[in-house]
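Note that ligands are numbered from 1 as they come in the structure, with each ligand's atoms numbered from 1 the same way.
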Amino acid sequence: MDRPRNIVILTGAGISAESGIRTFRAADGLWEDHRVEDVATPEAYVRDPGLVHRFYDARRARLGEVEPNAAHAALARLDAQWPGELLIVTQNVDDLHERAGAKRLLHMHGELNSGWCLACDERFSWDGPMGPGAACPACAKVGSVRPDIVWFGEMPYEMERIEAALRDAELFVSIGTSGAVYPAAGFVQTAKYVGARTLEINLEPSQGSLLFDERRYGRATVEVPRWVDAMLASK
Ligand code: APR
């Protein structure tokens with residue numbers, strides 16, 4: 001197939017790295033100086049909700065200090081101009097894709113700017129600190145609002161929609177993700193199974209790099225605009 005119409009793009013922490021948001025799997029194996037199991041599991045939240053809230057409150061506050069970069073902007077441009085189906089599936093909980101203008105976007109691991117009430121099951125947008133004493137804007141209960149983040153051991157959001165998009169995909173592109181966390185790490189296999197072409201753009205080969213038909217290694221702010229320009233020139 002020379003000209004794919006339907007594109008699914010998976011993004012991970014690497015696309016936001018040059019905006020100043022740290023990736024997860026740094027060389028020291030820690031995430032912002034914490035072990036992942038101390039802050040990103042439902043068990044951690046039950047054990048020490050104050051610690052988990054402080055951690056996510058700090059990540060949420062960080063959003064006010066960073067800006068989308070050229071890679072987010074390029075994907076927003078592709079989204080606006082691409083005539084075929086397109087879906088950006090991000091594992092990131094930051095809001096940099098939408099602030100760059102992306103519309104055909106879903107957050108499979110939740111969002112820092114969203115809260116979830118465990119008492120009434122409502123989800124709502126959230127600005128500023130949350131803390132263990134937050135009141136639910138829907139049911140008013142105090143102390144039952146948690147970050148609307150998909151933690152380890154929890155089911156990612158919108159899997160049916162993602163799988164439907166992958167089934168129709170002619171091109172699957174993975175950007176800035178280490179390929180360490182399932183189910184996102186398995187999307188390339190689904191895409192290949194339905195006959196889509198697959199492209200990886202990352203700083204270095206990911207864990208599943210050999211599964212990709214094409215691999216481009218470099219900084220997202222360089223490689224993503226380059227790829228988007230070529231796609232839009234060919235449309
Ligand atoms: N440009 C492109 N790629 C980059 C850049 C950059 N400037 N900087 C780093 N990378 C690459 C790294 O080489 C690495 O392969 O981005 C990848 C980031 O990998 P991770 O830190 O593992 O992040 P991600 O794949 O998004 O993690 C998946 O794990 O902890 C969970 O739920 C969390 O959504 C997250 C999931």
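With distances taken over non-hydrogen atoms, the option nearest atom 2 (C) of ligand 1 out of A184, A220, A17 is A220. Evaluated by nearest non-hydrogen atom to atom 4 (C) of ligand 1, the leading choice among L203, N69, I201, V222 is L203. Proximity annotation for atom 28 (C) of ligand 1: of E18, R216, Q91, Q91 comes nearest, heavy atoms only. Considering A180, S174, P205, G14 only, the shortest heavy-atom separation from atom 5 (C) of ligand 1 involves G14.
In the displayed structure, E65 atom CD is contacted under 6.0 Å by more than 12 heavy atoms of other residues, nucleotides or ligands. Within 6.0 Å of atom CG in D213, more than 12 heavy atoms from other residues, nucleotides or ligands are found, so the atom counts as buried in its surroundings.
Contact record, L203 with Y217: O-CB, 3.9 Å, taken as the closest heavy-atom pair. In plain terms, the two heavy atoms of A119 and S144 that are nearest each other are CB-OG, 3.6 Å.
For ligand 1, one of its N or O atoms has an N or O atom of F24 under 3.5 Å away. For the pair V150 and ligand 1, the shortest N or O to N or O distance does not fall below 3.5 Å. At under 3.5 Å, a nitrogen or oxygen of N202, whether backbone or side chain, sits near a nitrogen or oxygen of ligand 1. Between R219 and ligand 1, not a single N/O pair is under 3.5 Å apart. Between A13 and ligand 1, a contact under 3.5 Å exists for at least one N or O pair.
In this structure, G176 has a heavy atom closer than 4.0 Å to ligand 1. Residue F152 places a heavy atom under 4.0 Å from ligand 1.
Proximity to E204 (heavy-atom distance under 4.0 Å) selects the following atoms of ligand 1: 12 (C), 13 (O), 15 (O). Within ligand 1, the atoms closer than 4.0 Å to a non-hydrogen atom of V181 are 29 (O), 36 (C), numbered from 1 in the order shown. Which parts of ligand 1 touch G218 is read off a 4.0 Å heavy-atom cut-off, strictly below it: atoms 1 (N), 2 (C). For ligand 1, the atoms lying closer than 4.0 Å to a non-hydrogen atom of G12 are 26 (O).
Taking the centre of each ring, Y157 and H107 stay at or above the 6.0 Å mark.
Side-chain atoms of D48 come within 3.5 Å of backbone atoms of L51 as a donor-acceptor pair (strictly under, hydrogens ignored).
The cationic group of R59 lies under 6.0 Å from the six-membered ring centre of F55 and within 45° of the ring axis, placing it in a cation-pi geometry. Under the 6.0 Å distance and 45° angle rule, R104 does not count as a cation-pi partner of W82.
Partner of E18 under the side chain to side chain contact (heavy atoms under 4.5 Å, CB included) criterion, chosen from T221, V66, V222: T221.
Rounding to the nearest 0.5 angstrom, the gap separating the NE2 atom in H53 from the CZ atom in R60 is 8.5 Å.
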